[in-house]
Amino acid sequence: MYALVDCNNFFVSCERAFQPELEGRPVVVLSNNDGCVVARSNESKAMGIKMGTPFFKVKYLVDEGELAVRSSNYALYGDLSARVMSILAETAPKLEIYSIDEAFMNMDGVSVEKLPVICRCLIKKIRQWTGIPVSVGVASTKTLGKVANHFAKRYKGYKGFCMIDTPEKMRKALKITPIGDVWGIGRRLAPKLEAVGVKTALDFIERPVEWVQARMGIAGERTWHELQGIRMVEDEKSEARKTICASRSFANMITDFEEISQRVSDFAGKCAEKLRQEGTAAYSVGVFLLTNRFREDLAQYNPQACIRLAVPASSTLEIVGAAKKALRMIFKAGYEYKKAGVIVMDIVNSNEIQQSIFDFDIKERERDDKISRVMDMVNKSGKNVLRLAAQRPGHFADGIRRDYCSKLYSTDWNQLLEVK
DNA sequence: TCTGGGGTCCTAGGACCC
DNA sequence: TCTGGGGTCCTAGGACCC
């Protein structure tokens with residue numbers, strides 16, 4: 001069996017773990033730049049606030065004292081996530097961390113009768129040790145595990161744990177699961193399926209597999225099998241990522257080349273840092289710019305460009321250099337830019353880099369790599385202490401709006417001491 | 001006024017090869 | 001008028017996930 005462990009309202013729960021006064025109140029957490037609602041407490045869900053709602057549409061509720069709000073604080077969430085995952089790792093024979101707030105525990109080899117006790121203990125332990133409430137769904141496939149987890153979370157009676165372990169339970173669960181709630185059926189496909197009479201997960205599996213294949217391809221076929229207890233979604237092997245992206249919307253639109261260039265250099269620096277953290281290097285460095293798509297009154301321009309390197313790089317100097325070159329290819333004055341980003345692609349392991357006989361700059365490259373190693377050592381403190389002159393002074397997150405940010409309770413001692 | 005960020009996989013079509 | 005067949009690789013776009 002798989003046990004899917006999912007943190008309830010994770011970002012909100014992290015805020016509550018250090019601010020108990022938020023308990024029982026409607027709370028939302030916002031995306032970067034305080035743009036959209038990305039996490040809601042049960043109370044704010046009950047008020048009808050939808051995922052992804054632009055914050056300005058519900059800000060009046062905050063002003064009236066009806067709703068509590070926090071800017072997102074990823075240092076805090078990342079830290080609490082690591083604590084939860086380390087507890088799971090002690091429990092599961094095999095753990096696959098699927099996102100910041102959920103993980104699949106492969107429980108193959110553990111007897112099914114023991115699973116309820118194990119999972120209930122786990123829920124209690126995580127709550128006590130980290131302050132984070134979690135739900136656990138158990139089933140023979142990941143897709144059914146998701147279904148079980150939904151039930152564990154949605155219905156109080158389950159107390160956070162639900163197991164689908166018989167064909168009868170499976171049919172019953174699928175019968176009341178709307179097709180749009182199924183893992184793998186997204187925003188686009190759900191309405192199309194509903195339009196032809198497939199309203200629930202049960203309706204879906206009762207269609208012939210050929211019917212599913214013709215409309216949804218191999219992905220739909222996989223979901224169809226998974227919902228019937230046949231495993232199709234492989235366990236992830238933790239391979240190197242294929243792309244790394246750093247991008248941000250700006251608090252205000254930017255027109256000046258130098259200012260954009262600094263931001264882009266910053267993003268490129270972030271990508272280079274991540275490459276080195278993972279022991280990889282990239283052949284390609286892409287840059288994109290976006291104007292404000294919501295401002296129909298302004299001219300739109302969303303260019304992108306990509307530089308291919310002769311030898312894969314992970315040094316800040318080289319990645320930033322390539323990004324600036326790409327930026328010069330696409331930047332046009334006269335537009336108001338709202339967002340920019342850097343993507344590094346064609347990633348390989350650093351120790352597998354082929355030396356090119358045309359690499360005339362090998363001395364410079366070695367020097368740049370050394371400089372980057374020193375930067376990493378100095379920057380371990382978490383602050384952007386050493387950076388290129390091309391990058392912006394101050395912290396990476398500067399220049400994005402964070403009006404409602406909580407303190408760095410778990411990663412900064414001085415702020416921790418302020419907790420009452 | 002204000003609208004997030006970071007990923008993966010699949011597919012269809014075009015370019016190119018022999 | 002008549003204009004092959006089969007393969008690979010790349011890319012853009014669309015779908016999905018959190």
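Residue numbering restarts at 1 for every chain, and letters A, B, ... go by the order of the sequence lines. Values below: every heavy atom of this structure, side chains too, minus hydrogens, waters and symmetry copies.
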Please state how far atom [atom1] in [X] lies from atom [atom2] in [N], giving the value in whole angstrom units.
X      : N      : atom1 : atom2 : result
A/D235 : B/dT8  : CG    : C1'   : 16 Å
A/E96  : B/dG7  : CD    : C1'   : 14 Å
A/L189 : B/dC10 : CG    : P     : 15 Å
A/E234 : B/dC10 : CD    : C1'   : 16 Å
A/D63  : B/dT1  : CG    : P     : 16 Å
A/K142 : C/dC17 : NZ    : P     : 15 Å

Under 4.0 Å between any heavy atoms, over every strand shown, what does [X] touch: base, sugar-phosphate, or nothing? Just pick one.
X      : value
A/K270 : nothing
A/I185 : sugar-phosphate
A/I244 : sugar-phosphate
A/V182 : sugar-phosphate

Item checked: Secondary-structure stems, DNA chain C, at least 3 Watson-Crick or G-U base pairs under 3.5 Å ->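 As far as DNA chain C goes, consecutive pairing (with distances under 3.5 Å) yields the stems B:5-18 with C:5-18.
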For nucleotides 11-16 of chain B, list the nitrogen or oxygen atoms of the protein found under 3.5 Å from its nitrogen or oxygen atoms, one pair per line.
unit_1, atom_1, unit_2, atom_2, d
B/dT11, OP1, A/I218, N, 3.4

Report yes or no: is the cationic atom of [X] (NZ for Lys, CZ for Arg) under 6.0 Å from the centre of the six-membered ring of [Y], at an angle within 45° of the ring normal?
X      : Y      : answer
A/K332 : A/Y301 : yes
A/R70  : A/F11  : no
A/K339 : A/F250 : no

Notebook entry, point to check: Is the closest basic N to carboxylate O distance between A/E318 and A/R276 below 4.0 Å?
Noted result: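 Not counted as a salt bridge, because no side-chain N and carboxylate O are separated by less than 4.0 Å.
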Next item on the list: State plainly whether the residues A/D181 and A/K146 are in salt-bridge range, i.e. N to O under 4.0 Å.
Entry: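 Judged by the 4.0 Å cut-off on N to carboxylate O distance, A/D181 and A/K146 do not form a salt bridge.
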Check: Expressed as a whole number of Å, how far does the P atom of B/dT3 sit from that of C/dC18?
Finding: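 That atom pair is separated by 25 Å.
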Taking only nitrogen or oxygen atoms into account, show me every contact under 3.5 Å that the protein makes with nucleotides 2-5 of chain B, one pair per line with its distance.
unit_1, atom_1, unit_2, atom_2, d
B/dT3, OP1, A/K338, NZ, 2.9
B/dG4, O4', A/S31, OG, 2.7
B/dG5, OP1, A/S249, N, 2.4
B/dG5, OP2, A/S249, N, 3.4
B/dG5, OP2, A/S249, OG, 2.9
B/dG5, OP2, A/K339, NZ, 3.0
B/dG5, O3', A/R248, NH1, 3.2

Next item on the list: Indicate whether any N or O donor in one side chain lies under 3.5 Å from an N or O acceptor in the other, for A/R295 and A/Q300.
Entry: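 Short answer, no.
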Note to self: So, OP1 or OP2 of B/dG6: does either fall under 4.0 Å of a side-chain N or O from A/T243?
What the structure shows: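 For B/dG6, neither OP1 nor OP2 has a side-chain N or O of A/T243 closer than 4.0 Å.
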Check: Can a side chain N or O of A/K242 be found less than 4.0 Å away from OP1 or OP2 on B/dC9?
Finding: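 Yes, A/K242 has a side-chain N/O under 4.0 Å of OP1/OP2 on B/dC9.
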Note to self: I'd like to know whether the aromatic ring centres of A/F161 and A/F151 sit less than 6.0 Å apart in this structure.
What the structure shows: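 Ring centres of A/F151 and A/F161 not closer than 6.0 Å.
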